[in-house]
Student: 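Next up is a structure, given as structure tokens.
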Amino acid sequence: MMQLILILSGAGLFLFFIYAVVVSLREHEIFAAKRFFVGVWLFSLPFFVVAFVSFTGKIFVFSFLIVTLLTGILLFLVPYKRNRAYRQAIPAARIDERDTMFSRNELVPGTDNFKDYYLQNPDKKVRDDRFRRNAGLLQRGTTQYNSFYFASADASFETIAALRTFVNGTVAEKKIPVDAQRVSNYLKNWSKKLGAVDCGITELQDYHIYSTGGRGERYGQKFVKSHRFALAFTVEMDHKMVQTAPAGTMVMESGQQYLESGRIALQVAKFIRSLGYEARAHIDGNYEVVCPLVARAAGLGEIGRMGLLMTPKLGPRVRIAVVTTNLPLITDMPLHDYSVIDACMQCKKCADVCPTNAISFNDRAIITGSLRWQINQESCFTFWTIAGTDCGRCISVCPYSHPDNNLHNLVRFGMHNSSSFRKVALKMDDVFYGRKPSPKPVPDGFK
Ligand code: SF4
Ligand code: SF4
């Protein structure tokens, strides 16, 4: 009996680590594959040795191995500190879009908007002059300049810009009566068919809406809540492309997925207007809402250390678009997932790799009335204008960014389930993938 238990345990561990090696090779994670290969022998061999070799004290070694294995399984399976009383950080005041780096980047010296903004925010002028001295996003003379990648990204952003005229449109005169539950289910399923990985619905709150527009002709425009509901969509950014961050292939992927999420939002908004209800799409460069806050309220994720939405299956490796509407809908619950906040409190990997120290190593602090992390957006954006890309190193190394497959989902389940497992898994992520992994080569076909 003792021998059978040992053989089965050893075989289980052997197969698990072999599976991890295969998955890592498929993901081009050679460093991880080598470490998992060591794990094959390190973890399974002791069970086989004890099963087949006779020695004194065998029963003690047998007990030690089985107790260790069972402890590991219990750590993984037993829920522990899963959802401590955790309240999501709600901004005390609405966010002004003029303060975002994209808006500040659009200010042209000598224009009325430029004068207006720095008259009201003289402290920001010195910092912003620093990024204005650099070559800029997608420009020649940047450290990551690549004519093909930058032209591809530019093509995606230009296409999105051309689509902005469609965020609003004529509402059909005849209103078709709808069942809120049925149309909510339909829209979720249809958006996934259109390419979204997830879709959630929330009741729109004042803090979801920018107080004032900051980009293009919307500079200075006051935004008011005119719709009751919001649908948020996430689309996946390709893992292999993100792993190359901060190379040009990263911004190429960002542009493509902003376009994809925006396209889905435009189609959904048009669909709703055809049913006779108001709907507006919020797409890159034309948002009236703060997408991560809407998506969090719609149950699509939490907001972590780097200030981005952390989704359950892809972590921060997503782009978001939103549709606001008066179509009657059934809302989803926020996740209220304390495990992500707890993981971010321990992990700090994104802060470690950030080339400009823009991500805080500290615990959450009260910022504009709510307990959260805030990155140094000036440092981050200034680096973008030097690199020419949107960097993305933080997204690429996050332990939640691993691909959506059985191996990583198993780990995600354990991390969600138990705080003890979370601690071990975060350490193991460093062991298997490196604390500061180097950017990966660009995928075949884009070299
Ligand atoms: S890298 Fe770590 S600290 Fe940063 S967002 Fe991801 S889990 Fe949180
Ligand atoms: S995008 Fe780059 S510079 Fe910005 S916070 Fe992330 S790692 Fe830092």
Side-chain angles (χ1 to χ4, degrees), residues 97 100-102 137-138 149 152-164 166-167 188 191-200 202 208 215 230-269 281-304 306-324 350 375 377 380-381 384 389-398 400-404:
E97 197 194 21
T100 65
M101 295 314 294
F102 286 111
L137 276 173
L138 302 182
Y149 305 152
S152 304
D154 192 44
S156 297
F157 287 117
E158 281 294 310
T159 310
I160 302 166
L163 291 174
R164 283 177 200 149
F166 302 109
V167 297
K188 285 181 186 179
S191 62
K192 286 178 191 167
K193 182 142 185 56
L194 293 175
V197 286
D198 212 351
C199 169
T202 187
H208 292 152
R215 301 188 67 177
L231 296 106
F233 316 95
T234 48
V235 295
E236 177 174 7
M237 295 175 74
D238 183 82
H239 182 249
K240 289 200 177 80
M241 298 290 264
V242 170
Q243 291 290 293
T244 65
T249 31
M250 171 70 197
V251 70
M252 189 176 153
E253 182 63 13
S254 290
Q256 179 62 30
Q257 299 315 329
Y258 276 123
L259 178 57
E260 288 300 313
S261 57
R263 173 187 57 77
I264 295 166
L266 289 170
Q267 284 178 270
V268 168
H282 300 261
I283 68 175
D284 179 61
N286 201 290
Y287 303 111
E288 287 186 9
V289 296
V290 187
C291 288
L293 293 179
V294 176
R296 183 185 64 175
L300 299 189
E302 283 293 345
I303 294 180
M306 54 177 115
L308 299 178
L309 185 77
M310 306 277 286
T311 61
K313 293 274 182 83
L314 302 169
R317 199 165 46 81
V318 294
R319 292 294 180 216
I320 315 164
V322 166
V323 168
T324 52
C350 51
I375 73 157
Q377 57 166 346
C380 172
F381 192 80
W384 293 13
T389 72
D390 57 352
C391 178
R393 278 287 284 152
C394 45
I395 300 176
S396 73
V397 302
C398 178
Y400 285 96
S401 282
H402 292 300
D404 175 10

Student: Between D390 and R319, which heavy-atom pair has the shortest distance, and what is it?
Tutor: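 Closest heavy-atom pair between D390 and R319: OD2-NH2, 3.4 Å.
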Student: Look at the side chain of Q257 and the backbone N and O of M237, then say whether any donor-acceptor pair between them is shorter than 3.5 Å.
Tutor: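 No.
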Student: Does anything in residues 242-251 form a salt bridge (Lys or Arg N to Asp or Glu O under 4.0 Å)? List the pairs, not counting sequence neighbours.
Tutor: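 Passing the test, one end in residues 242-251: no pairs.
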Student: Give the C-alpha distance, both sets of side-chain angles, the deciding distance and a yes or no for side chain to side chain contact (heavy atoms under 4.5 Å, CB included) between Y149 and T389.
Tutor: CA-CA 10 Å; Y149 305 152; T389 72; over 6 Å; no
Student: How long is the straight-line distance from CZ of F381 back to SG of C391, given to the nearest 0.5 Å?
Tutor: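 Reported value, rounded in 0.5 Å steps: 12.5 Å.
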Student: Look at the aromatic rings of Y258 and F157 and report parallel, tilted or perpendicular, splitting at 30° and 60°.
Tutor: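 Rings of Y258 and F157: tilted, as their planes differ by 30° to 60°.
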Student: Check this for me: does any side-chain nitrogen of one of R296 and E302 sit under 4.0 Å from a carboxylate oxygen of the other?
Tutor: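 Looking at R296 and E302, the cut-off is not met.
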Student: Is there a donor-acceptor pair closer than 3.5 Å between any side-chain N or O of S401 and the backbone N or O of V397?
Tutor: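 Not confirmed, S401 side chain does not pair with V397 backbone.
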Student: Give me the atom names and distance for the closest heavy-atom approach of P246 to R393.
Tutor: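 Smallest heavy-atom distance, with atoms named: CD-CD, 3.8 Å.
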Student: If you look only at distance, which donor and acceptor atoms sit under 3.5 Å apart when one is on a side chain in residues 191-200 and the other is two or more places apart or in another chain?
Tutor:
unit_1: S191; atom_1: OG; unit_2: L187; atom_2: O; d: 3.0
unit_1: S191; atom_1: OG; unit_2: K188; atom_2: O; d: 2.9

Student: Nearest 0.5 Å please: distance from the CG atom of L308 over to the CD1 atom of I320.
Tutor: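 Answer for the CG-CD1 pair, L308 versus I320, is 8.0 Å.
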Student: Going by side chain to side chain contact (heavy atoms under 4.5 Å, CB included), P316 matches just one of I395, T311, I303, V242. Which one?
Tutor: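 It is I395, the one option of I395, T311, I303, V242 that forms the side chain to side chain contact (heavy atoms under 4.5 Å, CB included) with P316.
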Student: I'd like to know whether S156 forms a side chain to side chain contact (heavy atoms under 4.5 Å, CB included) with M252, so could you lay out the CA-CA distance, the side-chain angles of the two residues, the decisive distance to 0.1 Å, and finally the verdict.
Tutor: CA-CA 8 Å; S156 297; M252 189 176 153; over 6 Å; no
